[in-house]
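First the structure, in the form of structure tokens, and then the observations on it.
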Amino acid sequence: MYEGNSKSGKRVAIKKVDKKMIYSDQYLKESIESEIQILKKFNHPNIVKLEEVVLTANSIYIVKSLCKNSDLKTYTHE
């Protein structure tokens, strides 16, 4: 997961997926497609927002809103 800026200048989290990897693994391909479709449906302040999906020749970039001041580890007790 990377951090960067979106077209709007907002800070975002970027998930980069190698196309070779997902096209060689049907389960992974379906998981990525499902993740994108599910994120497109949600618009709620407590759910990470899908900002955009960028496709290049070799990669898929899933750009999401950045969660500030917190981390999931803060809420888990493992």
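In this structure, the salt bridge (Lys or Arg N to Asp or Glu O under 4.0 Å) partners of E33, at least two apart in sequence or on a different chain, are K29.
A donor-acceptor contact shorter than 3.5 Å is absent between the side chain of S34 and the backbone of E30. Under a 3.5 Å cut-off, the side chain of S24 and the backbone N or O of M21 do form a donor-acceptor pair.
A single hydrophobic cluster is seen to contain both V12 and V54, as judged by linkage of ILVMFWY side chains at heavy-atom distances under 4.5 Å, directly or through other members. I36 is connected to L55 through a chain of hydrophobic side-chain contacts under 4.5 Å among Ile, Leu, Val, Met, Phe, Trp and Tyr, so both are in one cluster.
Remark: E35 engages K64 in a salt bridge, criterion side-chain N to carboxylate O under 4.0 Å.
For I22 against V17, the heavy-atom pair with the smallest separation is CG2-CG1, 3.2 Å. The heavy-atom pair separating K19 from A57 by the smallest distance is CD-O, 3.6 Å.
Put simply, CD1 on I14 and NZ on K16 are 10.5 Å apart, with the number rounded to the nearest 0.5 Å. Between the NZ atom of K15 and the OG atom of S59 there is a distance of 13.5 Å, given to the nearest 0.5 Å.
Within the 4.5 Å cutoff, side-chain heavy atoms of L50 are placed close to those of I62. At a threshold of 4.5 Å between non-hydrogen side-chain atoms, the residues I60 and V53 count as touching.
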